Number of protein chains: 4
Amino acid sequence: MTWSTLGERFALTVFGESHGHSIGCVISGCPSGIPITVKEIQKELDLRKPGISKLTTQRKEQDRVEILSGIFNDHTTGSPICMTIKNKDTRSEDYDNIMKTPRPGHADFTAWEKYGGFNDYRGGGHFSARLTACFVMGGVVAKKLLKTSFNTDIIAYVKEIGKIKSSSNFKSAKKNRYSNDVRCPDSIIAKKMSNAIIKARRSGDSLGGVIECQIINVPVGLGEPIFSALDSEISRAMFSIPAVKGVEFGKGFESTKILGSENNDQYSVTRKKITTKTNNSGGILGGISNGMPIEFRIAFKPPSSILKKQSSFNLKSKKAEDLVVKGRHDPCVLPRAVPIVESVAALVLADHGLRSGQINSVIK
Amino acid sequence: MTWSTLGERFALTVFGESHGHSIGCVISGCPSGIPITVKEIQKELDLRKPGISKLTTQRKEQDRVEILSGIFNDHTTGSPICMTIKNKDTRSEDYDNIMKTPRPGHADFTAWEKYGGFNDYRGGGHFSARLTACFVMGGVVAKKLLKTSFNTDIIAYVKEIGKIKSSSNFKSAKKNRYSNDVRCPDSIIAKKMSNAIIKARRSGDSLGGVIECQIINVPVGLGEPIFSALDSEISRAMFSIPAVKGVEFGKGFESTKILGSENNDQYSVTRKKITTKTNNSGGILGGISNGMPIEFRIAFKPPSSILKKQSSFNLKSKKAEDLVVKGRHDPCVLPRAVPIVESVAALVLADHGLRSGQINSVIK
Amino acid sequence: MTWSTLGERFALTVFGESHGHSIGCVISGCPSGIPITVKEIQKELDLRKPGISKLTTQRKEQDRVEILSGIFNDHTTGSPICMTIKNKDTRSEDYDNIMKTPRPGHADFTAWEKYGGFNDYRGGGHFSARLTACFVMGGVVAKKLLKTSFNTDIIAYVKEIGKIKSSSNFKSAKKNRYSNDVRCPDSIIAKKMSNAIIKARRSGDSLGGVIECQIINVPVGLGEPIFSALDSEISRAMFSIPAVKGVEFGKGFESTKILGSENNDQYSVTRKKITTKTNNSGGILGGISNGMPIEFRIAFKPPSSILKKQSSFNLKSKKAEDLVVKGRHDPCVLPRAVPIVESVAALVLADHGLRSGQINSVIK
Amino acid sequence: MTWSTLGERFALTVFGESHGHSIGCVISGCPSGIPITVKEIQKELDLRKPGISKLTTQRKEQDRVEILSGIFNDHTTGSPICMTIKNKDTRSEDYDNIMKTPRPGHADFTAWEKYGGFNDYRGGGHFSARLTACFVMGGVVAKKLLKTSFNTDIIAYVKEIGKIKSSSNFKSAKKNRYSNDVRCPDSIIAKKMSNAIIKARRSGDSLGGVIECQIINVPVGLGEPIFSALDSEISRAMFSIPAVKGVEFGKGFESTKILGSENNDQYSVTRKKITTKTNNSGGILGGISNGMPIEFRIAFKPPSSILKKQSSFNLKSKKAEDLVVKGRHDPCVLPRAVPIVESVAALVLADHGLRSGQINSVIK
């Protein structure tokens, strides 16, 4: 598996740079016969599109998907699916100084060192969060595959922004998570979060937060221990989303503070159907799904591209230099990250549906 | 890459069951010329050996490593290295009831369903934490490779047990982490932790906690974005350790509560050497090591094998049944997990040293 | 590694269908800093372009390459390189009957069965030899990488067409292989071959043949036994070229008829430089390059798309049916296959240069 | 996938050296529930065991298989299966001169260069044909899986030794291939072959030949184009067998000499069952099995370890030196290679049965 590819059986390869010709993806191993239209893909892309609210970057991109291969008569063919998005609203001149002065907290420095200065630095190049649009394109196909196969639903929502915490649950999230710009189902809290984000932007600063995700209707048996355990693969994929700094399943870090007898999920049987009375495990036991909802939380740091003056250095001369970032940036990535987290989760589950043999290679 | 293999260029494949003939591993892709002796491997294995203190399971296993291939004249040959450990002190009869009544919180149920009841259920079979001895065997070789190549040191220690938190730092950890049974460098806190674990055991219960890990002397440029980002790969590997429920890097979940201007690590230059004034990123930017220490924290849930009566069911009849677990189990896995976390980190870094081309395929 | 990807470190993923929107490829893992221009890529593509002589299909395609990512300021960036070609001169109506009546010797039947009838059948869809243009696009980058790293040259030429055999050697091939439409350096034999191909076309038939390939300036040590042996990987890749039915290295099938003492290549030393007096091994010992030229021969069957009436059946009704193929097809693939074989060889060697650690991840 | 592993879903990892502690393999991804006994594995191993006739090396090895994991109550568990064989009759002193003077035609030189002289040179170490015992161990499980799933049979036999050619067919081969030491079903020809081999041995020389293999009862749809085409994967695996120099499918190199109209396999329909009137394709179209028998031929060079004096050099001083090989070697590998070719074919097909989704992950 190459480092630009996520998954083995349902494999997403991504390419592109923020200010280059296009960004895009190739899905290999997708079963044939999944009904899918450009419209469905575009609809999901629009959920993470920039410039749609005052909470996001003002860069204007229509993010129009173009299907180059793998879909014929509105069905997947079984051959690789390539989808691309052309970059339109690029203002590369904003990045002329970043070329020589790396942004603290960003990949500018490490990318320069790793690629010997040959990397496309404009807008972070291949390291731009813009690449996550490719996760979403792939995610639409993965979600459709999971829906068709298991009636699976994936619901993510903004749980926390900075120190503001919502007490929403997944039930309301499923219904209302896209009902406001913050993507927090609780409209009162959402308003507070929105204000906090705008305040951070005004002061040239940024905010992070936590996204919570639940996946329902997952069959028992997904995940391939030891090293392709389902939690292993989900966390691995989540850390490929820029700004992610932590992942926890079920009770996560909280479970370290209670006793085994409190943390173990007791079994319960109703008409030969096995469930657990609690779901502290987050639906995964021994790296394998147990049929309960899969639940996890993702920590996003505040975006590193802030307008305040910061201490940096000149990449070539290796001399200290102050930096004032230009460009249009998200003061908070979480609202746009909601569809991204859902898509990445879908990609991992679709892959494991196929790896476990529970999804067939032809959908009829 | 198969699901029993961790890594691509330095690839560890593990096999075995807790109460079967043997457990073991095969390392493929290990460079030739690394000096390594049976004694070095055994020394590290002894750190996670069961039955060495009253804080661990009383199962007595000498865990004697046997090298079957890949090491010749005390050097790696470049061919696959197979190492095995024979299982000795097995009391399978303890598991006769588990065969039909799965332990809450354990893989008994998911493994049974996934493998159609053909899995070796004795002692959790392939899902037993006993398999982590294979991580340690591979980890010794990986550590030696990293030490030879970069002078890298990996230091893990017990930071929290239940609600007891240590304020130790890595400096003391490097010196004292193995100076007591708990593997917490702070001896006063260690004593408290030890008492808490013994108390939990006495009441037939168990405790979890947090292990903190720091890796120093890591070159800039390890990690292969997007999907083999260094944090992606480390977290993926950590979730393959039984009982792990959360992973965070640098400031992790804490970073979601502060501003970008507070979280960004400002650069500092001393004689053309680039460092950062803080290390909130945990040494990774854009999925690539930045030369600062790599720091992360791992959440371990309390072990699921507790002696208290629990609600379960009969796997065959699918009827509710209570369960009282027999067998000898760890009331807390963290003390033995310290060398495991270090080994797993070493395996991932060795792999990335080779993938990035910074480690050569022959060590001279 | 997904099934649409060739290679692990220098990994080519291909996509597209013969009559779809576009065909293309993504190269992952390519080192940064390789100088490369659109012009260089186009020049090589023009060598396999259809419609350039009366020996090939009359389908007119300009095969204009478009670079979507991974190349910046005429150098590779280290990020995935995506290149595409739009399909222009499509006459899908020619394939309406093939949809229901599979061509003997072609993938029409197996693709239909494997993908449940959802495959894009037009022009063979993803199974069209047109996809080999993607091998060539990737091959240009691979050749440049090998040239820069080892000064490697790859020379393929048409050795046999049907029963007509050329006695050309690699020396003349290097100079003259592209001096005529057949791509056989011996102009007299080339004329005979040309006539045979035209005769076959006129009679609605087709011809096969043998391409011989030599790779010079290959360092000792490429190839990763046991299962990524250099001959294993080259043959695997060659069989991915449509119409290939056999691969042999060095003396190949001939070596089965002589004694070990005749076949063994005796060593010879000149100024500490090791060579062998003969090269019956084809430059590979134990799956590893030995520094001698790598030599192999590829058998191409006659193309299966012929105009003569053939016995087939209806895919849906499963009733016998005769078939008369329409469309524009190559009466012989070998002339256009010469740059393809060279490209595929380059892709495998570039991958192994990186896997062995002999090529660095940054070219300066 | 690491270079010591064959296959992705049914993945065989091999390890060991000819004169080391043990040789062995790990199968990952094998479905659970396959009935398998030590006796079945041993029976197949005995077919390739050395020292069983005057046509093979006189090295005496009982090749006793030991199962370390993955088989429980005589069924596969779904967890990795490790099997080992201890080396017994080692005479390493025979190799003291090979350490410094590489055998022409053998891997001694390339292995030394690649691994910087750290390789275990004794008996060719990891490059010894002895490692093929691991292919056979894995092959037994793969054959059982294929038999259970598709009733597949794999029949290989010795077709040619040097210039002696048998006209046997697969029908007789299935019945009689193991009825004599040569493993050629035609007893008269077998006698001639046997004499030729003995003659070669007496003169301190060696002989090569061709093995033909047929696989019947293969479902339509195995093989994952483009780069995991079934012929690609089979040839790749075959070239991992020492001494293999050529692979051809169906009519192979012969097909290059006839017209498309002669080579195309015309379809024929009987009661909705699709077959072809000829099988020039060898049962593979577009890299996918078409339901006809898979047929291929493998060219084995004469073994390079001959007793005649040869020109070599000193690995350290790089000075020319003559070599007289000691040790016990096969004058011809083909008789012992028959079960090896069958096993390797089984491994590839089992992998593709799983990859295509036609084999389930649990066998009931």
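Here is the naming used below: chain letters follow the sequence lines, and residue numbers restart at 1 for every chain. We use all heavy atoms of the structure for the numbers below, so side chains are in, but hydrogens, waters and symmetry mates are not. Here the structure is a predicted model, which means the values were calculated and not measured.
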Proximal component of [X], with respect to chain C [non-hydrogen, under 4.5 Å]:
{"X": "D/K277", "answer": "side chain"}
{"X": "D/I226", "answer": "both"}
{"X": "D/F300", "answer": "backbone"}
{"X": "D/I241", "answer": "neither"}
{"X": "D/F296", "answer": "neither"}
{"X": "D/S268", "answer": "neither"}
{"X": "D/E160", "answer": "side chain"}
{"X": "D/K308", "answer": "side chain"}

Who among [options] has the most heavy-atom pairs with chain C under 4.5 Å?
{"options": "D/P225, D/G250, D/S281, D/A320", "answer": "D/P225"}
{"options": "D/I306, D/V14, D/L207, D/D231", "answer": "D/D231"}
{"options": "D/T276, D/L12, D/L259, D/V269", "answer": "D/L259"}
{"options": "D/S304, D/A229, D/G105", "answer": "D/S304"}
{"options": "D/P303, D/P104, D/S235, D/S289", "answer": "D/P104"}
{"options": "D/E254, D/E262, D/K272", "answer": "D/K272"}

Tell me whether [X] is salt-bridged to [Y], with the criterion being a basic N under 4.0 Å from an acidic carboxylate O.
{"X": "C/K245", "Y": "D/E248", "value": "no"}
{"X": "C/R9", "Y": "C/D351", "value": "no"}
{"X": "D/R201", "Y": "D/D205", "value": "no"}
{"X": "D/K114", "Y": "C/E224", "value": "yes"}

Could you tell me which portion of [X] (side chain, backbone, both or neither) has an atom closer than 4.5 angstrom to a non-hydrogen atom of chain D?
{"X": "C/L131", "value": "side chain"}
{"X": "C/S203", "value": "neither"}
{"X": "C/N263", "value": "side chain"}

Using a cut-off of under 4.5 Å for heavy-atom pairs, which of [options] has the most such pairs with chain D?
{"options": "C/S311, C/G208, C/S206", "answer": "C/S311"}
{"options": "C/I161, C/V247, C/N290", "answer": "C/V247"}
{"options": "C/G223, C/S261, C/A107, C/G286", "answer": "C/S261"}
{"options": "C/K318, C/Q266, C/K301, C/K319", "answer": "C/Q266"}
{"options": "C/S312, C/G260, C/G221", "answer": "C/G260"}
{"options": "C/Q358, C/E113, C/K163, C/Q310", "answer": "C/Q310"}

Closest approach of D/I23 and D/E17, non-hydrogen atoms and distance? CG2-O, 3.7 Å
Got a sec, which residues hit ring-ring contact (aromatic ring centres under 6.0 Å, His included) with C/F135, two or more places apart in sequence or on another chain? D/F227
Say whether, by atom type as modelled, one donor and one acceptor occur between the side chain of D/N314 and the main chain of D/S317 under 3.5 angstrom. yes
Taking C/N279 for the side chain and C/G283 for the main chain, is one N or O donor matched with an acceptor at less than 3.5 Å? yes
Please check if atom NZ in C/K251 has more than 12 non-hydrogen atoms from other residues, nucleotides or ligands closer than 6.0 Å. no
Non-neighbouring partners of C/T278 that pass side-chain hydrogen bond (donor to acceptor under 3.5 Å, both in side chains), sequence neighbours left out: C/D265
Side-chain donor-acceptor pair under 3.5 Å between [X] and [Y], yes or no?
{"X": "C/S240", "Y": "D/S232", "value": "yes"}
{"X": "C/S228", "Y": "C/E233", "value": "yes"}
{"X": "C/S4", "Y": "C/T13", "value": "no"}

Interatomic distance, D/I211 atom CD1 to D/I340 atom CD1 [nearest 0.5 angstrom]: 8.0 Å
